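Below, chain A is the first sequence line, B the second, and so on; all start at residue 1. Because the structure is predicted, anything quoted here is derived from the model rather than measured. What's counted below: heavy atoms across the whole structure, side chains too, no hydrogens, waters or symmetry copies.
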Number of protein chains: 2
Amino acid sequence: MENIGIFYNLTSNDIEDIIKTLKCRKLSFKKGMTIMSNLKRSNEIGIVLDGEVSLVRIDFYGTLSNVSTYYIGDIFGGKFSDDSNEELSIIASKQSTILFTDYNQLIKGQLNKTWGEQLNENIMEQLVSKINNYNTRIEVLTKKTIRDKLLEYFHILEKRTSSTSFMLPMTLTALSEYLAVDRSAMQRELKNLKQDGIIEINGKRVTLIYR
Amino acid sequence: MENIGIFYNLTSNDIEDIIKTLKCRKLSFKKGMTIMSNLKRSNEIGIVLDGEVSLVRIDFYGTLSNVSTYYIGDIFGGKFSDDSNEELSIIASKQSTILFTDYNQLIKGQLNKTWGEQLNENIMEQLVSKINNYNTRIEVLTKKTIRDKLLEYFHILEKRTSSTSFMLPMTLTALSEYLAVDRSAMQRELKNLKQDGIIEINGKRVTLIYR
DNA sequence: TTTTTTTTGTTGCAACCGCAACAAAAAAAT
DNA sequence: ATTTTTTTGTTGCGGTTGCAACAAAAAAAA
C-alpha cells in the first residue's frame, strides 16, 4: 500500500488511520466485472491498488467504448470524469483491487493535522503527474510523420535518462500503440533511421547517434 | 477574478482574504517577457488571470521549444511541470496578468475553515478538468485517418451539445492544429465527408447526417 | 471606409503510411 | 521440456496525407 502514490511519505499507521477516517472499503473484482455504474451522479471515488480498470462509455445502442484506462495508483470516479452527458461505467479490465471512498470525505480529510497536508499533496502530485504524462504524449502525437514521432519520443527518453543510450520502457508493439501508428510502418521507419545512421537499435536498447 | 476557476464559489471577501493569507502577488507581463525561469527548483506557482503563457524548454543549443500553453484560470509552476532534467521557463505569449503564490502556502491554505475546502476543491477541479481535456484530445489524436479524427471530434461535440448540429468552437485552421493534421488535407476530407452525405458544413456550423 | 491580415477553399504531386499477410524469434504458459 | 502466445521483422500495394502554391472571402485593424 505504501508504494501507491497517494500514500507516499505516509506511515502504515497513517494509512490505517486514513482508511478508517475516510471510511474506505477495499474490494476485489474479476476481469470484466462492473466496478461502478452511473458514474455521473456519484461522489464515490476509487483508487486502483492492483490491476487495471477502464472507464467505458455506453452509447444509446448499448455499445461499449473505452474512454480511458486507470492503472495502479490512479484515482477515478464521477468527480474525475468528463462533462459529456452520457452513461459512463468503470469495469475491471484485469483482476483488480480497488479502494473506495467518497470525494467529500477526501476533501474533509485534508483537515487532519497529522497526515492531511501530505495526503493532499499526494493527490495533487498524482493529478499533476497524470497531466504531465498526457502532455508528453500529446507532444509526441502531434508530430506529423512516424519518423518525427519516434525521434521526439527518443529525445524525451534521452532527457529522462540523461543518456543517448537507453532501454525502451515497453515493447515495440506497445510503442506503436502509444504513437498511434501502424506497427509495421513504424518498424519500417526504425529500419530507415538505422540505415540513415541516426539511431542504433538492438532489442529494446536504442542509441542516438550524433555526428 | 470570480470568473477564474480556482475562485469558483468564493465571495470577493474570501478571495481578498486568500490573496492576503497566501501572500499572493499580482503582476502584468508584456508579450515575450519571461515570467519564470529555472522552473525546476522553484516552489513558486502562477495562475493566469488574463492572457496566455507558454512553458518553454531551452535545450543546450539555446533553442526554445514550446512544451505547453496555459490559458486563463490555469495553474503553472515547478511543481506542475514534468520530470525531465532540462531548463524550463515560462514566457508570456500574449500580454498577461499573473497571480503568484507559493506551493506550500497553497497547501497550507487548505486548513482555513471558511474557504479552505472550497479552494482545495477548485484546484482539484481545475486539474481534473485539464486531465479530461487532454484525455479528449488524445482520443481524437489516436484515430488513424483525418476522416476518423474529424468524426471522433464531431461526435464529442454532438455529445457535449446534445445535438447533431453544433458550432465549431474554433476556426478550421485552429481545428487542423488541434487534430495535428495538414489544413488543406483536412479541408479536402471535409469536402469528401460532405460529398458522401455524412455531414453538412456551412461556416462553423456542422450537422451530422444519420440515415 | 479602406487597408491589412487571417481564414477558407482548391489542386497536383510525391512521399508516407495503413493494411494484409506471412515467417521467424522470443517470451510465457503448461 | 514442450506447447502456445506474443512479439518482431519484412514486403507489395493502394489509399491517404503533407506540402507548395495560389485565389477568393472574411475578419480585423487602421
Side-chain angles (χ1 to χ4, degrees), chain A residues 30-32 51-52 69 93-95 137-154 157 166-207, chain B residues 30-32 51-52 69 93-95 137-154 157 166-207:
Chain A
K30 292 221 173 98
K31 184 174 169 173
E52 184 186 304
T69 308
S93 40
K94 292 185 180 171
Q95 146 85 32
R137 186 163 182 210
I138 288 174
E139 237 189 293
V140 171
L141 288 173
T142 50
K143 297 286 165 190
K144 293 257 164 87
T145 63
I146 295 184
R147 171 175 286 228
D148 286 345
K149 284 178 189 180
L150 283 169
L151 288 177
E152 179 67 27
Y153 183 66
F154 291 161
L157 291 183
F166 43 80
M167 301 295 282
L168 294 176
M170 54 182 130
T171 65
L172 292 176
T173 304
L175 179 58
S176 73
E177 279 159 22
Y178 182 83
L179 303 182
V181 298
D182 182 75
R183 187 191 57 81
S184 69
M186 187 189 84
Q187 205 96 243
R188 178 167 42 205
E189 202 52 43
L190 283 173
K191 201 168 71 174
N192 292 343
L193 283 167
K194 216 178 345 187
Q195 274 170 0
D196 294 350
I198 296 169
I199 64 163
E200 278 295 316
I201 175 164
N202 304 81
K204 292 201 174 51
R205 172 156 298 278
V206 174
T207 308
Chain B
K30 292 221 172 97
K31 184 172 171 176
E52 185 186 302
T69 308
S93 40
K94 290 183 181 171
Q95 146 85 33
R137 185 159 181 213
I138 288 174
E139 237 189 295
V140 171
L141 288 174
T142 51
K143 298 287 166 191
K144 293 258 164 86
T145 63
I146 295 183
R147 173 176 286 229
D148 286 345
K149 284 178 189 179
L150 283 169
L151 287 177
E152 179 68 28
Y153 183 66
F154 291 161
L157 290 183
F166 44 80
M167 301 295 280
L168 294 177
M170 51 182 132
T171 65
L172 293 176
T173 305
L175 179 58
S176 72
E177 278 160 21
Y178 182 83
L179 303 182
V181 298
D182 182 77
R183 187 192 57 82
S184 69
M186 187 189 85
Q187 204 98 243
R188 179 166 43 204
E189 201 52 43
L190 283 172
K191 202 167 71 172
N192 292 343
L193 283 167
K194 217 178 345 187
Q195 275 169 1
D196 295 350
I198 296 168
I199 65 163
E200 278 295 316
I201 176 164
N202 304 80
K204 292 200 174 52
R205 173 156 297 278
V206 174
T207 308

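- Residues B/L172 and B/K204 form no side-chain contact, since every pair of their non-hydrogen atoms from C-beta on lies 4.5 Å or further apart.
- When rounded to the nearest whole Å, the span between CD of A/E177 and P of C/dG18 equals 13 Å.
- Atom P of nucleotide C/dC17 and atom CG of A/L193 are separated by 11 Å, given to the nearest angstrom.
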Run the numbers on B/L179 and B/I146 for side chain to side chain contact (heavy atoms under 4.5 Å, CB included), then give the verdict.
-> CA-CA 8 Å; B/L179 303 182; B/I146 295 183; 5.6 Å; no

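- Here B/D196 does not pair with B/K191 in a salt bridge; the nearest charged N to carboxylate O distance is not below 4.0 Å.
- Of the candidates D/dT8, D/dT17, C/dC19, C/dC19 carries the atom nearest the A/S184 side chain, counting heavy atoms from C-beta on.
- Of the residues near DNA chain C, B/L172 and B/K191, the one whose nearest nucleotide (by heavy atom distance) lies more toward the 5' end is B/L172.
- We find that CG of B/L190 is positioned 10 Å from P of C/dT8, with the value rounded to whole Å.
- Rounded to whole angstrom, the span from the CZ atom of B/R205 across to the P atom of D/dA26 amounts to 18 Å.
- Among the nucleotides C/dC19, C/dT8, D/dC19, the one closest to any side-chain atom of B/D182 is D/dC19.
- Atom CE of B/M186 and atom C1' of D/dG18 are 14 Å apart (whole Å).
- Pairing for D/dA30 is with C/dT1, a Watson-Crick or G-U wobble pair whose two hydrogen-bonding atom distances lie under 3.5 Å.
- Nearest-nucleotide positions on DNA chain C for B/T171 and A/I146 put B/T171 closer to the 5' end.
- The two residues A/L157 and A/P169 come nearest to each other via the heavy atoms CD1-CD, 3.9 Å.
- The residue B/R188 sits close to a base: some heavy atom pair falls under 4.0 Å.
- With rounding to whole Å, A/E189 atom CD is found 14 Å from D/dT10 atom P.
- In this structure, A/R205 forms no cation-pi arrangement with A/F166, as its terminal cationic atom is not both closer than 6.0 Å to the ring centre and no more than 45° off the ring axis.
- For B/Q187, no side-chain nitrogen or oxygen approaches OP1 or OP2 of C/dT10 to under 4.0 Å.
- Put simply, CZ on B/R147 is 14 Å from P on D/dG15, counting in whole angstrom units.
- Here C/dA20 presents its P atom at 13 Å from CZ of A/R183, a figure rounded to the nearest Å.
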